[in-house]
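Accompanying notes for the structure given below.
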Amino acid sequence: MPLLSTSAPDWAPAAARLVRGRPPRAGRCRVMAVEGPSGAGKTAVAERLAAELDCPVLHMDDLYPGWDGLAASVPLARAWLIEPLLRGRNPRWRPFDWDLGRHATAWREAPVGDALLIEGCGTGAEELRPYLSVLAWVEAPAPLRGQRLARRWDADLYAPYREMWARQEDAFYADHRPREHADLIIENPAAGLL
């Protein structure tokens with residue numbers, strides 16, 4: 001399995017070549033999932049790759065139904081993001097309103113061409129993998145991930161839920177083993193992307 005580091009200048013073009021070289025598995029679309037633990041830098045990696053691939057990136061943060069909703073987000077990702085692609089349509093979802101504690105009533109839609117990135121914990125779920133052209137696992141050392149989480153813009157909001165979320169991640173990774181099924185490992189060290 002390929003291993004890339006965000007500290008290398010050519011990591012994003014190399015990852016994009018991998019995606020472009022894979023067949024579409026969600027209708028006409030090549031879907032790349034960017035998976036990994038909190039603080040690994042998934043969002044930054046996905047944004048950089050989306051720019052390289054000239055495609056949208058959708059965030060699981062919009063789907064999680066609350067702080068205890070990691071497992072519940074996977075069927076939503078399939079229904080709202082993958083199923084429309086299989087029917088030749090654009091993904092549509094109702095973003096979760098973290099202030100109100102519920103999904104919005106209004107739908108959002110993302111125009112998608114031949115590629116789409118989905119980022120966040122849960123994207124490497126067993127039930128989503130058959131539709132992924134590339135599953136990327138983003139990793140960083142645990143102390144660095146902790147530092148990054150403490151520097152996030154929402155660190156104060158996240159702090160009370162951090163342990164609960166970590167337990168959900170651990171359970172999810174034990175059940176679904178996304179790192180073992182990854183097509184690509186992206187190391188995101190301190191010198192790389194946040």
Side-chain angles (χ1 to χ4, degrees), residues 1-6 15 18-19 22-27 29-47 49-50 55-86 91 93-96 98 103 110 112 115-142 144-146 148-149 158 161-188 193:
M1 137 186 11
L3 173 67
L4 298 173
S5 174
T6 59
L18 178 66
V19 174
R22 297 289 177 96
R25 298 176 79 185
C29 189
R30 290 175 180 83
V31 177
M32 179 181 198
V34 180
E35 173 73 77
S38 294
K42 297 180 297 296
T43 302
V45 165
E47 295 292 343
L49 288 173
C55 73
V57 57
L58 304 181
H59 305 278
M60 291 295 283
D61 286 349
D62 281 346
L63 303 187
Y64 302 130
W67 289 107
D68 60 350
L70 173 54
S73 69
V74 173
L76 295 176
R78 178 166 176 163
W80 290 350
L81 309 182
I82 300 297
E83 293 293 336
L85 292 173
L86 294 173
W93 68 99
R94 292 177 27 231
F96 190 77
W98 291 88
H103 281 100
V112 174
L116 170 68
L117 269 77
I118 304 173
E119 101 38 58
C121 186
T123 59
E126 185 176 359
E127 78 176 82
L128 301 179
R129 287 196 297 258
Y131 310 103
L132 304 177
S133 295
V134 175
L135 170 56
W137 175 264
V138 180
E139 60 188 18
L144 177 58
R145 290 190 289 111
R148 288 175 177 166
L149 291 172
Y158 180 53
Y161 304 101
R162 197 164 161 181
E163 286 184 31
M164 178 177 67
W165 188 260
R167 286 191 302 272
Q168 289 178 84
E169 282 186 346
D170 290 344
F172 176 82
Y173 293 144
D175 288 346
H176 294 268
R177 303 178 151 338
R179 189 184 193 287
E180 293 175 21
H181 294 277
D183 303 296
L184 171 65
I185 303 293
I186 300 175
E187 294 178 339
N188 192 21
L193 301 176

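Atom CD1 of Ile185 and atom CG of Leu4 lie 10.0 Å apart (nearest 0.5 Å). To the nearest 0.5 Å, atom CG of residue Leu70 and atom CE of residue Met164 are 10.5 Å apart. To the nearest 0.5 angstrom, Asp68 atom CG is 10.0 Å from Tyr161 atom OH. The distance from atom CD1 of Ile118 to atom NZ of Lys42, rounded to the nearest 0.5 Å, is 14.0 Å. One distance of note links OG of Ser133 with CG of Asp183; it measures 9.0 Å at 0.5 Å rounding. Note that CZ of Arg162 and CZ of Arg167 are 13.0 Å apart. Values are rounded to the nearest 0.5 Å.
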Step-by-step side-chain contact (heavy atoms from CB on, under 4.5 Å) determination, Glu187 to Leu3
CA-CA 7 Å; Glu187 294 178 339; Leu3 173 67; 3.7 Å; yes

Could you please spell out the steps behind the side-chain contact (heavy atoms from CB on, under 4.5 Å) verdict for Phe96 and Ser73?
CA-CA 10 Å; Phe96 190 77; Ser73 69; over 6 Å; no

Start with the C-alpha distance between Val45 and Thr6, add both sets of side-chain angles, then the distance that settles side-chain contact (heavy atoms from CB on, under 4.5 Å), and finish with yes or no.
CA-CA 8 Å; Val45 165; Thr6 59; 4.1 Å; yes

Would Glu35 and Tyr173 count as a side chain to side chain donor-acceptor pair (under 3.5 Å) here? Give the steps.
CA-CA 10 Å; Glu35 173 73 77; Tyr173 293 144; 2.8 Å; yes

Before you tell me yes or no, could you show the steps for Glu119 and Met60 under side-chain contact (heavy atoms from CB on, under 4.5 Å), namely the whole-Å CA-CA distance, both residues' side-chain angles and the distance that decides it to 0.1 Å?
CA-CA 6 Å; Glu119 101 38 58; Met60 291 295 283; 5.9 Å; no

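Between the Arg25 side chain and the Leu132 main chain, a donor and an acceptor come within less than 3.5 Å of each other. In this structure, Arg179 contributes its side chain and Trp137 its backbone to no donor-acceptor pair below 3.5 Å. Under a 3.5 Å cut-off, the side chain of Arg148 and the backbone N or O of Ala40 do form a donor-acceptor pair. Using a distance-only test at 3.5 Å, with no hydrogens or angles considered, a donor-acceptor pair links the side chain of Arg30 to the main chain of Arg22. Of the possible donor and acceptor atoms, one in the side chain of Tyr64 sits under 3.5 Å from a partner among the backbone N and O of Cys121.
Closest non-hydrogen pair, Arg145 versus Pro37, comes out as NH1-CB, 3.5 Å. Nearest heavy atoms, Ala115 versus Cys55: O-CB, 3.2 Å. Residues Ala79 and Glu83 share a closest heavy-atom pair of O-CB, 3.6 Å. For the residue pair Pro178 and Leu135, the shortest heavy atom distance occurs at O-CD2, 3.6 Å. Between Ile186 and Ala136, the shortest heavy-atom contact is CD1-CB, 4.1 Å. In plain terms, the two heavy atoms of Ala15 and Leu184 that are nearest each other are CB-CD2, 4.0 Å.
Under the ring-ring contact (aromatic ring centres under 6.0 Å, His included) criterion, His59 pairs with no residue, sequence neighbours left out. Applying the side-chain contact (heavy atoms from CB on, under 4.5 Å) test to Pro56 and every residue at least two apart in sequence or in another chain returns Val112, Leu116.
Ion pairing between a basic and an acidic side chain is recognised when a charged N comes within 4.0 Å of a carboxylate O; Asp62 and Arg94 show no such pairing.
For Phe172 and Trp165, the gap between ring centers reaches or exceeds 6.0 Å.
Using bins of under 30°, 30° to 60° and over 60° for the plane-to-plane angle, the ring pair His103/Trp80 lands in the perpendicular bin.
With a 6.0 Å radius and a threshold of 12 heavy atoms from other residues, nucleotides or ligands, Glu126 has its CD atom at or below the threshold.
Each of Val31, Val34, Thr123, Val19 was compared with Leu117 under the side chain to side chain contact (heavy atoms under 4.5 Å, CB included) criterion, and only Val34 meets it.
Using a 4.5 Å cut-off on side-chain heavy atoms (C-beta onward), Glu127 and Val74 make contact.
Counting only N and O atoms by type, the side chains of Glu169 and Ser38 include a donor and acceptor under 3.5 Å apart.
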